[in-house]
Amino acid sequence: MYHSTRDASLRATDAEALLQGLAPDGGLFVPEKIPTVDFRAWRGLRFEEVAQRIFRLYFPSLGEERIANVVKTAYDKRFRTRQICPVHPVDQTLALLELWHGPTLAFKDIALSALPHLMRAAQEVTGDTDRLLILTATSGDTGKAAMEGFAGVDGFGVLVFYPADGVSRAQEKQMCTQKENNVFAYAVEGNFDDCQRAVKAFFTDKAMASSLKKQGVRLSSANSINIGRLVPQIVYYFTAYESLVLAGAISEGAPLDVTVPTGNFGDVLAGYYAKRMGLPLRILTVASNTNHVLTDFGQSGTYDARRELVRTTSPSMDILVSSNLERFLYHESKDAEIVRVEMQKLASEGHFSFALSDKDMRWGYADEDAVQETIATLYRTAHQVVDPHTAVALHVQKMLSDAQSDKDEARAYQLVLSTASPFKFADTVLRALHRPVPASLAQQWEELAALSKVPVPEPLRVLAREKGHAPQRLTREAMHDAVIGFAKGV
């Protein structure tokens, strides 16, 4: 069973939680108990086999046969590497977990390849016959991954809202070249938090719900506020750990430190769940960019979103209100009333305070200069190219590891999550490497391929040939009518 982070009496089955996305009171669904496992028994299992085991733990009502079909459909031939999420060593103490070998070249593919099929299975279990309209706010990568995952899936529509002028050119073109008529993206005149705030409000809008119900349509979410987005991300923490064991980088049972570039707090929360399940993760580091509201919170206990959002070269992290932090607060406090009060204060006053008790969470940030320097240094020393989000995490990992060494603390092997292909941010990478930036995306990709000795990923080669449509801009006030209008065609 699941219940709301803001009211433990608002309970739902696993299938209901998948379909609803957000709890009726605006809270997020959390499992009443995080399961524990013997991770050693999973040694040598393929990604798909680990996924089946984890899905069965969190979504047992779906049944083994449905879950096996979900996993096969989600991961069979959709990824460009057999490992799905390969581990790439940087040196003897550090490795990158590459999460961008899926169809849209970002870590969101891991979960959003599975989510449509998890939701379809949940409909079968509950007998739900409504058509589902998936509303998604995106700071760059979730939008295209959701559109790709649900494109052409009967009974589902996806409407994406992203900040106008707040995503990379490649991200925007990806969203504006999806051809299936059940998915669409709008550029909203505002920032990501404006998009996310509006989408959350739609889920508690009774008038909207009534209007959609007359059309046989119900809202759900593909953001990481949906538990079906979070759970698949747990899988790659387990498979990465076992990859390091099999490679001889760590011994079975040895502690592992993980650094995660973080915007909406979902990816690092998946690691928190993996640790609670029994995986020997020692320190989880939350890495932020110039919008370091999370770093300030981790270091002071005060979450203060009363600041101007800064547009950076790592747009997927340009977020001031991190939704999944709410789940973390619930698990740390075990008190839904505390969470409800603090979330209400955040909404009304823009800030709240919370006494953090997890001493194995560390927090840091990288400014734009540090991102550029990190990209350049890694290329110079290891001839590896990373995107700006990964560079944020690498900088924070090094900064905190150096501080740890000064204190003579025991060292553990370091894993950094690499969340997007550098080709999605080729202009930023080329500037960091002091190379000229061609005008066209296709030329930028070819230039980066020549530098990195890595071929342009096939999805981008296809994208280069696509014409697409011009971005459709909306005011924040027009988002409501866009939802109602799009629902008619779902």
Side-chain angles (χ1 to χ4, degrees), residues 2 14-23 28-29 55 58-59 70 73-75 78 99 102-123 128 130-163 167 171 174-175 178 180 182-186 188 192 195-203 212 217-234 263-267 269-270 316 319 322-324 327 419 479 482-483 486-487 490:
Y2 288 78
D14 51 353
E16 290 168 342
L18 276 167
L19 293 174
Q20 291 179 38
L22 199 67
L28 279 63
F29 284 115
F55 290 3
Y58 284 90
F59 309 124
V70 165
T73 307
Y75 301 115
R78 285 179 61 85
L99 303 175
T104 76
L105 309 176
F107 81 97
K108 310 295 177 73
D109 287 326
I110 311 300
L112 283 165
S113 291
L115 183 61
H117 310 292
L118 286 169
M119 296 179 78
R120 174 69 78 206
Q123 283 187 311
D128 185 282
D130 284 343
R131 290 169 293 148
L132 292 180
L133 173 54
I134 312 297
L135 296 186
T136 297
T138 184
S139 52
D141 288 326
T142 293
K144 171 60 178 178
M147 295 169 80
E148 182 74 23
F150 285 92
V153 179
D154 188 46
F156 288 87
V158 174
L159 195 56
V160 172
F161 299 104
Y162 66 94
V167 300
Q171 288 172 318
Q174 283 183 316
M175 288 186 281
Q178 196 76 44
E180 290 80 358
N182 71 318
V183 296
F184 196 77
Y186 282 107
V188 177
F192 170 78
C195 299
Q196 182 167 254
R197 192 179 302 112
V199 166
K200 283 186 172 181
F202 293 151
F203 279 92
L212 294 176
V217 174
R218 194 153 50 82
L219 295 181
S220 191
S221 174
N223 281 95
S224 54
I225 57 177
N226 190 316
I227 193 67
R229 261 286 308 277
L230 181 66
V231 169
Q233 294 173 213
I234 299 171
N264 224 14
F265 209 79
D267 216 0
L269 185 67
S316 295
I319 296 171
S322 299
S323 288
N324 266 291
R327 284 190 172 107
T419 53
M479 290 173 67
V483 173
F486 186 77
V490 174

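All values derive from a computational prediction rather than experimental measurement.
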- Closest approach of Leu118 to Gly228 (non-hydrogen atoms, all atoms of both residues): CD1-O, 4.0 Å

- Tell me the salt bridge (Lys or Arg N to Asp or Glu O under 4.0 Å) pairs involving residues 134-144, sequence neighbours left out? Asp141-Lys424, Lys144-Glu148

- If you round to the nearest 0.5 Å, how far is CG of Leu230 from CD1 of Ile225? 12.0 Å

- What pairs meet the salt bridge (Lys or Arg N to Asp or Glu O under 4.0 Å) rule with one or both residues in residues 112-121, with sequence neighbours excluded? none

- Task: Please name the pair of heavy atoms, one in Ser139 and one in Ser316, separated by the smallest distance, quoted to 0.1 Å.
- Result: OG-O, 3.0 Å

- Query: Out of curiosity, Ser221 OG to Leu115 CG, how far, rounded to the nearest 0.5 Å?
  - Reply: 8.5 Å

- Minimum side-chain heavy-atom gap Leu28-Leu22 below 4.5 Å: yes

- Query: What residues, two or more places apart in sequence or in another chain, satisfy ring pair (Phe, Tyr, Trp, His ring centres under 6.0 Å) together with Tyr58?
  - Reply: none

- Considering residues at least two apart in sequence or located in another chain, which fulfil the side chain to side chain contact (heavy atoms under 4.5 Å, CB included) criterion with Ala121? Leu62, Arg66, Val70

- Message: Going by side-chain hydrogen bond (donor to acceptor under 3.5 Å, both in side chains), name the residues that satisfy it together with Asn226, two or more places apart in sequence or in a different chain.
- Response: none

- Message: Classify the ring geometry of Phe150 against Phe156: parallel below 30°, tilted from 30° to 60°, perpendicular beyond 60°.
- Response: tilted

- Is the side chain of Asn264 donor-acceptor paired with the backbone N or O of Ser224 at a distance under 3.5 Å, no angle test? no

- Item | Set of side-chain hydrogen bond (donor to acceptor under 3.5 Å, both in side chains) partners for Ser113, sequence neighbours left out | Arg78

- Any residue meeting side chain to side chain contact (heavy atoms under 4.5 Å, CB included) with Ala151, in chain and number order, not counting sequence neighbours: Gln178, Glu180

- Note on the structure: Residues passing the side chain to side chain contact (heavy atoms under 4.5 Å, CB included) test with Thr142, sequence neighbours excluded, are Lys108, Leu112, Thr136, Thr138, Asn223, Arg229

- Query: For Phe161, what residues pass the ring pair (Phe, Tyr, Trp, His ring centres under 6.0 Å) criterion, not counting sequence neighbours?
  - Reply: none

- In chain order, what residues pass the side-chain hydrogen bond (donor to acceptor under 3.5 Å, both in side chains) check against Asn182, with sequence neighbours excluded? none

- Note on the structure: Sequence neighbours excluded, the answer for ring pair (Phe, Tyr, Trp, His ring centres under 6.0 Å) partners of Phe486 is none

- Indicate whether the side chain of Ser323 and that of Gln196 have a donor and an acceptor atom separated by less than 3.5 Å. yes

- Task: Over all heavy atoms of both residues, which pair between Cys195 and Met479 is shortest? Give the atoms and the distance, please.
- Result: O-CE, 4.1 Å

- Item | Residue list, ring pair (Phe, Tyr, Trp, His ring centres under 6.0 Å) with Phe202, at least two apart or on another chain | none

